[in-house]
Amino acid sequence: MKSDPGFYDYWPYENRPKIRWPGGKKMAFWVAPNIEFYELNPPSNPSRKAWPQPYPATQGYSIRDYGNRVGHQRQMDLLDKYGIRGSISLSTALCDHHPEIIQMCKERDWEFFSHGIYNTRYTYGMSEQQERDMIKDSMETIYRHTGQKCAGYLAPALSHSELTLDLFAEVGTELFGNEGGIYTCDLFHDDQPTPIHTRSNKPFVSIPYSLEMNDTIAFVVNKIEPRRYGEMLKKNFDRLYAEGDESGTIMCIPTHNYQVSCPHRMKAFEEALDYITSHDDVWVTTGKEIADYYLAHYYEQAKIDITQKNAIALNNAVALDSAAAQKKGAK
Amino acid sequence: MALDKSYLEYSHRSHGMDHNRYDWSMLTDRPKVTWPDGKKLALWVNVPLQFFPLDQKGEPFKIQGGMTMPYPDLRHFSLRDYGNRVGIFRFLKAFDKYGVTPTFAMNTELAKRNPYLLNTIKERGSEIMCHGMHMDALHYGGQDKQTETQLVQDSLSQLRELTGQNITGWLSPGRNESENTPELLAANGIEYFCDWVNDDMPYTFKTQQGNLWAMPLSNELDDAFIMLNNLHSEDSYAEQMIDACDFLLKEANESGGRILSLNIHPWMLGQPHRIGALERVLEYVMSQDVYSASASDILKTFTSQTTP
């Protein structure tokens, strides 16, 4: 076990190289619907129970099924209305279970990225080979069903190993070269894209996917009232939009159709989308498009800036060390 | 040590569900239904009438609304009793005032204990469904089948005798089931049940004893879920119901009749500081293009249009 995952360096939010999104826009906005499949009776994982009740966990299973049977079509209509293409965080077994949903998303040129195979199969306890196989299966499934070269990853049920990001980048290279496996949604350390270290040294970036704006976190964990969630989305937008004057920002709304698409939550969500998309300086886009654009235009510059700023930190550390050594010698 | 290799085998990974209880189906692909008099929205007000034993065992888990303190937890026992003594009568007044037809999901144990309350409901001619024996008689995975068989039989036969009604609906205590519950319900004359929350319209649920109808009683719109579990205010509760009503009416205009299901507990919304929120909701909903009916009537209207 490590005290720090080591995926990124400290990089202060101020005085970074300035970002401008395509068309000179100051903010990138994307919506990430999680389309998930939870199994009624998954094999057990020693680190985490899939359901709090013994099989069958009627309530937990059936509300998630509601998302696919009822909720998905509602959110899709809403995103269509505001010209938003979803970037789907996909339990890829859903391609097999519910291809009708995949078809509807394909017709709209939505992005599919991998969220593992099932949201009831956790990474915990997998060997490196097992996790590699799982990730590869998920990326191949997306390609087989949609023709898309999977660019992004959000680990199933946010269950990780120390190697998750490395493996995703490597499997992406193996399957699709530099077109596959280029960004992660698993880290919540920033409001702008940041370069990520992987052991293959592939150009790889973290794209902000907000946990705080995630509807399940808001409604289930933080117990936010639906209309207040709508207000939070607007406030989150307002601040990031204003800060975009200085350098381009990103806002992401991660959603779940068994949460935000319930009838009592749709109005507030719609008001927020209406508000956000009514602003001129917003690039309404997908996760992959943000990652591609960043890698092409800002990635190298960012790495240099990070290296320079951390060189100062390193010099300071060396100076402190030598001062301490001198002090010790003087005694 | 790595996980067993079966963890990476996916034996149900094929078209449809990962079980054979019901078919995969998207709501948008289904035929439109029309409620009587061309109404857009059916309002199903479901009132659980519950008995929470003071000596709850909590097997295999403690349910929401149950005792939380060391025995004897008089505060929660008596607060739940408040609903059946006081809160329910505020409900009934509100239903009469706004012309609402409620359905009552009653614990058989409560029907035995409170004949006055039972008679009040019977005299109103309201539909009663069975809410199991009581709120500590749970149905759960791994439960001994013989024990559960007896529990279902007793709950239903006793409630049928006490109410004089041919009880056809079921809501499990805590909305939890065992792997055998649907078969036992079907074998004991139940036609519809309300435990599964995967749809906004009724659908066919398969059992080895014949089909059941799964009725969509939203847990997300449940008063205790919103105010006790999520700690939202009374005002927010009312806003959520009104927003849900508006949304479903809009959807009904394009996609055919919808159901707004309110599951409301007299021990929760029947409190003096909350009853106003219920009245506000009922006043608003009943002023819309709404058909207020019992669960059975809504289901009959639905099946008369969707099944040959």
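Here is how names work: the chains are called A, B, and so on, in the same order as the sequence lines, proteins then strands, and each is numbered from 1.
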(request) With chain A as the partner chain, list the residues of residues 59-66 of chain B whose heavy atoms fall under 4.5 Å from it, by residue number, and write 'none' if nothing qualifies. (result)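 Residues Pro60(B), Phe61(B) are the ones that qualify, each having a heavy atom under 4.5 Å from chain A.
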
(request) Please name all residues satisfying salt bridge (Lys or Arg N to Asp or Glu O under 4.0 Å) with Asp199(B), sequence neighbours left out, ordered by chain then number. (result)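 Partners of Asp199(B) by the salt bridge (Lys or Arg N to Asp or Glu O under 4.0 Å) criterion, ordered by chain and then number, come out as Arg69(A), Arg30(B).
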
(request) Check salt bridge (Lys or Arg N to Asp or Glu O under 4.0 Å) between Glu148(B) and all other residues, then give those that pass, not counting sequence neighbours. (result)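 Counting only residues at least two positions away or on another chain, Glu148(B) forms no salt bridge (Lys or Arg N to Asp or Glu O under 4.0 Å).
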
Could you measure the distance from the [atom1] atom of [X] to the [atom2] atom of [Y]? Nearest 0.5 Å is fine.
X: Phe37(A); Y: Asp18(B); atom1: CZ; atom2: CG; result: 4.0 Å
X: Glu179(B); Y: Thr58(A); atom1: CD; atom2: OG1; result: 10.0 Å
X: Gln240(B); Y: Glu225(A); atom1: CD; atom2: CD; result: 7.0 Å

Check whether [X] gets within reach of chain B through its side chain, its backbone, both or neither, counting any heavy atom under 4.5 Å.
X: Gln129(A); result: neither
X: Arg265(A); result: side chain
X: Glu39(A); result: both
X: Thr120(A); result: backbone
X: Phe219(A); result: backbone
X: Arg227(A); result: side chain

(message) Report, in residue-number order, which members of residues 73-86 of chain A are under 4.5 Å from chain B by heavy-atom distance.
(response) Gln73(A), Arg74(A)

(request) Under the ring-ring contact (aromatic ring centres under 6.0 Å, His included) rule, what do Tyr61(A) and His19(B) come out as? Steps first, then yes or no, please. (result) CA-CA 12 Å; Tyr61(A) 178 87; His19(B) 57 76; 5.4 Å; yes

(request) List the atom of Thr92(A), the atom of Arg13(B), and the distance in Å for their closest heavy-atom pair. (result)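 It is OG1-NH2, 4.4 Å.
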
(message) Looking at His97(A) and Gly16(B), would you say the former's side chain and the latter's main chain have a donor-acceptor pair under 3.5 Å?
(response)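 Pair found, side chain donor or acceptor close to backbone of Gly16(B).
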
